[in-house]
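The structure appears right after this line, and notes come after that.
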Amino acid sequence: MTMDPNLDSPRTAVSNPPIQPMKANLGVGDVVRASAMPDLPKPERQLTPVAKLIDVSKCIGCKACQSACAEWNDTVPEIEHNVGMFENPHDLTPDMFTLMRFSEFDNPQTGEFEWLIRKDGCMHCEDPGCLKACPAPGAIVQYSNGIVDFIHENCIGCGYCVTGCPFNVPRVSKTDHKSYKCTLCSDRVAVGQGPACAKACPTQAIVFGAKEDMIEHANMRVADLKSRGYENAGIYDPEGVGGTHVFYVLHHADQPELYSGLPANPQISPVVRGWKGVTKTIGLAVIGAAAVGSVLHGLFARANRVSAEEEREAEHLVETTVPVKGEEAS
Amino acid sequence: MTKPLYSEKGDHLESTAPVRVSRYRGYTRANHWVTALSLIVLLLSGLALFHPSLYFLTGLFGGGQNTRWLHPFVGILLFFSFFVLFAQLWKLNLPRPEDRTWVSQIGDVMKGNEERLPELGKYNAGQKGVFWGMSILILVLIGSGVMIWEQYFPDLVSIPVRRWAVLVHSLAAVAIILVFIMHVYAAIWTRGTISAMTRGSVTGGWAFRHHRKWLREVAGREGRDPAE
Ligand code: HEM
Ligand code: SF4
Ligand code: SF4
């Protein structure tokens, strides 16, 4: 199967790249939203929304995806110590954009032990908190196919994206002071290739394509899981952030927290909304009014001046108070 | 010698005809200007990140990365510089009964009808408000600022706390900018005030009009200087 170069995005990660040359998309013209750029013009075309589906029930925890990610993105995660578990490195880092998280669950209903393995990383939110929080124009962009990407040359390293993200994903580098996270392989998708992790996954627990197709595929997987006794199986595509372009099939969709703390109802925190919303508009208006008001008042109102009379009175006051000095001197 | 109530020990008459009263020694003035300069740098670099329409201010500091780096360090400088200033000024900024009258007659203050106001010590209630407002806001800003300092304290507080910290930091920043505008405005509107921080002294008339108790105390002390 090869990709049709006339499509605007790959429909699978399994295929080899198109043989015919194709024009890269995901340029400036495909940006629908950019951080700190409220008046961005609407792009001329709408790309097909894409998605990566992670079927947790199929994952065997081999971490091929993690390796493929580091390889494609050319990152070198630091070698750490074995602390008796498979999770490694200990957390997402500026050099590790995706991390297999392993949690052990004693299912009280079945009495069975379950090993729940979740591939953590950026969810590519439809309503991204990172983008909302970022103060640097164009440091975070969202393309019309749904991919949220960090444009590093515009990043100033302030860490506001960390504050804004409901999934605790971005990591600011200690060496170049720029923020890093999964790009959904935007540089591959732009030229018709699926994400490296999806391509590497030996069980096809990670699949990639149009979001519509992925939802259909996920529904099939959920039906299959239900038929095999996982009655709470379901899709995790959280509404609170407008849906995500990386989403999960979970066997326990009623308890997403089981999967190393996947939030049940993620949304951009109201504190972040208040900070980036009213605080800014009202704050700026009040500061502006105070500045303009005091300049106008200064120009047109009468100044508070000291009169010549008051200078004389001061001399008088001093003369009648100070004599002590004269007496001592005589 | 009785403890001064309305003046610092160092405040003295520089001359008697015409009267000039020394208000701040050079050390305090330098301290004030370091504080003022750092506050200005902070508000420019902070506002650059505050709103997209002000991001261009990062150009003053050589770009976004430099602005992000510089701001917290100047914050630390401001904190210590203000702390030294605080130690020198806090006593005479404690509230006194006449402050209440002054505030209740704020209309006369605005109209410049100072003959109707009570005689005041070295500071009026407005100046005291600026002093305590700055003191509290700088504490809030340093506290919340360290919590959102990505470069050195990325894991100091949890992400939910960090969200509150950045909200508090920007609200406190708005507040301190308003206090700052008021402070500068009052210094300019009340003619003759600026020389207190440039030359270190004011005219007798200025002291008579705005801070008569202070003038009385300084004049009364003259000649009884223990150095004589
Ligand atoms: C009077 C002083 C200060 C003013 C006017 C001020 C103002 C601001 C403003 C307006 C912002 C942007 C907030 C936003 O984007 O909503 C900011 C960010 C920030 N401030 Fe301050 N601030 C002051 C003092 C401090 C202090 C004392 C610290 C101490 C460490 C500090 C550390 C930070 C940090 C870390 C940021 C995040 C951006 C960055 O890393 O540069 N600030 N400040
Ligand atoms: S998961 Fe976090 S970093 Fe990724 S798009 Fe959503 S808010 Fe941004
Ligand atoms: S660290 Fe970079 S990407 Fe994150 S909010 Fe700051 S400027 Fe934006």
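As the structure is a prediction and not an experimental result, all values here were calculated from the model. Residue numbers begin at 1 in each chain, while the letters A, B, ... track the order of the sequences.
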Interface moiety of [X] toward chain A, non-hydrogen atoms closer than 4.5 Å:
| X | result |
| --- | --- |
| B/I177 | side chain |
| B/H210 | side chain |
| B/T67 | neither |
| B/P72 | neither |

Specify the closest pair of heavy atoms between [X] and [Y], including all atoms of both residues, with the distance to one decimal.
| X | Y | value |
| --- | --- | --- |
| B/L178 | A/A290 | CD2-CB, 3.6 Å |
| B/I181 | A/A291 | CD1-N, 4.0 Å |
| A/L317 | B/A219 | CD2-CB, 4.3 Å |
| B/G205 | A/V306 | C-CG1, 3.3 Å |

Of the backbone (N, CA, C, O) and the side chain (C-beta and beyond), which part of [X] lies under 4.5 Å from a heavy atom of chain B, both, or neither?
| X | answer |
| --- | --- |
| A/R312 | neither |
| A/C165 | backbone |
| A/D39 | neither |

Can you tell me if [X] has over 12 outside heavy atoms packed within less than 6.0 Å of its [atom1]?
| X | atom1 | result |
| --- | --- | --- |
| A/E78 | CD | no |
| A/M85 | CE | yes |
| B/E14 | CD | yes |
| A/L296 | CG | yes |
| A/H316 | NE2 | no |
| B/W164 | CH2 | no |

State the [atom1]-[atom2] distance between [X] and [Y], to the nearest 0.5 angstrom.
| X | Y | atom1 | atom2 | answer |
| --- | --- | --- | --- | --- |
| B/H51 | A/T279 | NE2 | OG1 | 11.0 Å |
| B/L47 | A/L284 | CG | CG | 7.5 Å |
| A/Y160 | B/R68 | OH | CZ | 11.5 Å |
| B/Y55 | A/N154 | OH | CG | 7.5 Å |
| A/E313 | B/L215 | CD | CG | 11.0 Å |
| B/W206 | A/R305 | CH2 | CZ | 15.5 Å |

Which members of residues 133-150 of chain B, sorted by number, sit under 4.5 angstrom from chain A on a heavy-atom basis?
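Within residues 133-150 of chain B, the residues that come under 4.5 Å of chain A (heavy atoms only) are B/I148, B/E150.
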Report the option among B/S170, B/G112, B/A17 that has the most heavy-atom pairs separated by less than 4.5 Å from atoms of chain A.
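Counting heavy-atom pairs under 4.5 Å, the top option is B/S170.
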Just give me the residue among B/L49, B/V19, B/V166 that pairs up with chain A most often, heavy atom to heavy atom, under 4.5 Å.
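If we count pairs closer than 4.5 Å to chain A, B/V166 comes out on top.
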Tell me which of these, A/G164, A/G159, A/G298, A/A308, has more heavy-atom pairs under 4.5 Å with chain B than the rest.
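That would be A/G159.
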Options A/P38, A/G283, A/C155, A/P137, ranked by heavy-atom pairs under 4.5 Å with chain B, top entry:
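Top count of heavy-atom pairs under 4.5 Å with chain B: A/P137.
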Counting N and O atoms only, with roles assigned by atom type, does the side chain of [X] sit under 3.5 Å from a partner on the main chain of [Y], one being a donor and the other an acceptor?
| X | Y | answer |
| --- | --- | --- |
| B/R163 | A/V272 | no |
| B/W189 | A/R302 | yes |
| B/Q151 | A/G157 | no |
| B/Q65 | A/H177 | yes |
| A/K174 | B/Y152 | no |

Name of the residue among B/K111, B/R191, B/R209 meeting side chain to side chain donor-acceptor pair (under 3.5 Å) with A/N304:
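Exactly one candidate clears the test, B/R209.
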Give a yes-or-no answer on whether the side chains of A/E311 and B/T203 include a donor-acceptor pair shorter than 3.5 Å.
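There is such a pair (donor and acceptor under 3.5 Å, judged by atom type) between the side chains of A/E311 and B/T203.
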Is the closest side-chain heavy-atom distance between B/Y185 and A/H297 below 4.5 Å?
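A side-chain contact exists here, since the closest heavy-atom pair is under 4.5 Å.
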Non-hydrogen side-chain atoms of B/L13 and A/V318 separated by less than 4.5 Å
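Yes - at least one pair of side-chain heavy atoms lies under 4.5 Å apart.
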